[in-house]
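Inspection log for the structure reproduced underneath, given as structure tokens.
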Amino acid sequence: MSEPTFATLVSRWYEENARDLPWRKPDTTAWAILVSEVMLQQTPVVRVLPAWEAWLARWPVPAALAADTPAEAIRMWGRLGYPRRAVRLRDCAVAIVERHGGEVPEKLDQLLALPGVGTYTARAVAAFAFGQRHPVVDTNVRRVVCRAIAGEPDAGPATRPADLVATEELLPAEPAAAALASAAFMELGAVVCTARSPRCPACPVERVCAWRASGQVAPAGPTRRPQRYAGTDRQVRGLLLAVLREATGPVPHQRLDQVWTDDVQRARALAGLVTDGLVEPVGEESFRLTGDGPAVPLPHP
DNA sequence: ATCCGGTTCC
DNA sequence: GGAACGGGAT
């Protein structure tokens, strides 16, 4: 008898302790899983839950979202943050309809080619929606593997090819078991092997963890430089978008001028929203969410 | 390497 | 007030 593998230990723990998240139910469609993964980029689970339910109730298949306007996607996105994701997700739905007949593609390279789908999301969908054997590496998994296997405090700011390799080597050979293990690694990083206060006594691999064995050395420097929000263009974009989201049609620029006093910064933020496809000008004086109304304004009577 | 939200906790 | 949160695009 050999010792259980790392993946087996974590997978057993996962089956006993996994959070009951709706996108993990067996009959969840690939589209619903893709939507969950995009929403979960940078965003805590508790905030995604209601938005995910509402989004799929309205657009249960990619073709439904593709037929609607970017403006409606931006409105449904609500306050999830990084609203470019809403526009990209709609672009993604359009691409799925045009390239794949409305079905979420199964091949990794086809997924990677979709708007808003990067190396993490493509692998997550391939594994969790289609049961394929791929390493799925977000920062949680990267941290788990760096610590438990390499005994290092943490990885850098981005996922490196070596992180993919190190994670792949941990996966069971059988695809379904590999997908389960990937979900289990993510869960472990999210709720036990956390960045700042790991709950090692609750960890299923505490006995074999190289990082634990080496005294849990702290990262050398600051892992990430702090990200401010107050006073940045991002805050101004948020304020502008809030006004446009509430409006039903074009908003005169005089109303947008009121959300921020610095003319230069406000103009830069608005131009950025236009560049990103979130907002479009209407005539000389007004702006609206992209596609929020007729393409050509009706002439005055 | 930098930009891109918004909420929650300290 | 300020930090934590962390994937994709450029």
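Numbered from 1 within each chain, the chains take letters A, B, ... in sequence-line order.
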Distance between the C1' atoms of dT7(B) and dA9(C), in whole angstroms?
-> 24 Å
Pick the P atom in dC10(B) and in dG6(C), then give their distance to the nearest Å.
-> 16 Å
Nearest to the side chain of [X], which nucleotide is it out of [options]?
{"X": "Arg196(A)", "options": "dC3(B), dG6(B), dC5(C)", "answer": "dC5(C)"}
{"X": "Tyr120(A)", "options": "dG7(C), dG6(C), dC4(B)", "answer": "dG7(C)"}
{"X": "Thr139(A)", "options": "dG8(C), dG6(C), dG6(B)", "answer": "dG6(C)"}

Heavy atoms from other residues, nucleotides or ligands near CZ of Arg207(A) exceed 12 (cutoff 6.0 Å) = no
Is it true that a side-chain atom of Arg90(A) and a backbone atom of Ala73(A) form a donor plus acceptor pair closer than 3.5 Å?
-> no
Between Leu239(A) and Arg228(A), whichever has its closest DNA chain B nucleotide further toward 5' is Arg228(A)
For Gln227(A) and for Arg47(A), find the nucleotide of DNA chain B with the closest heavy atom, then tell me which residue's nucleotide is more 5'.
-> Gln227(A)
Taking the six-membered ring for Trp and the full ring for Phe, Tyr or His, determine whether the centres of Trp59(A) and Trp31(A) are under 6.0 Å apart.
-> no
Identify whether any heavy atom of Val117(A) sits under 4.0 Å from a base atom; if not, whether one sits that close to sugar-phosphate; answer base, sugar-phosphate or nothing.
-> sugar-phosphate
Taking the nucleotide of DNA chain C with the closest heavy atom to each, which residue, Arg88(A) or Leu40(A), is nearer the 5' end?
-> Leu40(A)
Look at Thr121(A) and dG8(C) and indicate whether a side-chain polar atom (N or O) is within less than 4.0 Å of OP1 or OP2.
-> yes
